[in-house]
Amino acid sequence: MPMFCLNDSMRYFLCPGYTDMRKGMFTLCGLVHERMGGDIRSGDVFIFYNRFRTKLKLLHAEPGGLVLYEKLLEEGTFKIPAYDPATRSYPMTWSDLVVMVEGINEDVSKGRQRRLSNLKKHW
C-alpha cells in the first residue's frame, strides 16, 4: 500500500480560519463537522492551517482508519485561496493543493524567520 494516498480524484476542503495546530485527529474531526458541515467518513480531504500560515495539516479517512499529514514551512507562508460561503470552506482541487503546498507566498512576515536548520538541534 502506498504511503501517500492523496490524488486528483479526491475532493479537498480548506477549513475557514486558522486552527490551533496542537489539535489532534479527533478534535480536527469535530472541526470538520462543526465549522465545515462535513463528514470525515466521506473520504474528502480536510485541510487546516495555523495562524501564521506556516503549517498545514491534512486529514482524511481511508479504509482502515484516519490519516493525518503535516507540513511545516522553513520560511514564507502558504497562500490561502478565496473563501466560498456556500460550502463554508475553501473548496480546492488537487492542483490547488499542490500549488499551495509547493508554492510559497511571497509575503514573508517581518517577524523572526524560522528555519528548519535552527530546529534540527532540538530534534
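Sequential numbering from 1 along the given sequence is applied to the chain's residues.
Across Phe48 and Thr19, no two heavy atoms sit closer than the pair CD2-OG1, 3.6 Å. Closest approach of Val32 to Asp39, counting heavy atoms only: CG1-N, 4.0 Å. For the residue pair Gly17 and Arg35, the shortest heavy atom distance occurs at O-NH1, 3.8 Å. Heavy-atom minimum distance, Met36 versus Pro16: CG-CD, 3.8 Å. The minimum heavy-atom distance between Ile47 and Tyr12, with the atom names listed, is CD1-CB, 4.1 Å.
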### Task
Please test Arg51 against Asp20 for side-chain contact (heavy atoms from CB on, under 4.5 Å), starting from the C-alpha separation and ending with a verdict.
CA-CA 8 Å; Arg51 187 171 92 181; Asp20 181 344; over 6 Å; no
### Message
Between Phe46 and Leu28, is the side-chain contact (heavy atoms from CB on, under 4.5 Å) condition met? List the steps.
### Response
CA-CA 9 Å; Phe46 298 93; Leu28 292 175; over 6 Å; no
### Task
Any chance you could lay out the side-chain contact (heavy atoms from CB on, under 4.5 Å) test for Leu66 and Phe26, step after step, and finish with the verdict?
CA-CA 9 Å; Leu66 294 173; Phe26 298 113; 4.2 Å; yes
### Task
Show the numbers, then the answer: is there a side-chain contact (heavy atoms from CB on, under 4.5 Å) between Thr93 and Asp96?
CA-CA 5 Å; Thr93 63; Asp96 293 334; 3.2 Å; yes
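To the nearest 0.5 angstrom, Tyr18 atom OH is 16.0 Å from Lys55 atom NZ. Between the SG atom in Cys15 and the OH atom in Tyr49 there is a gap of 8.0 Å [rounded to 0.5 Å]. Distance check: Thr54 OG1 to Lys71 NZ gives 12.0 Å after rounding to the nearest 0.5 Å. A distance of 4.0 Å separates CG in Asp44 from CZ in Arg11, rounded to the nearest 0.5 Å. The line from NE2 of His33 to CG of Leu31 is 11.0 Å long, rounded to the nearest 0.5 Å. For the atom pair CE (Met10) and OG (Ser42), the distance works out to 9.5 Å, reported to the nearest 0.5 Å.
Within the 4.5 Å cutoff, the side chain of Met100 has heavy atoms near those of the Leu56 side chain.
Arg41 places no side-chain N or O within donor-acceptor distance of the main-chain N or O of Ala61, the cut-off being under 3.5 Å.
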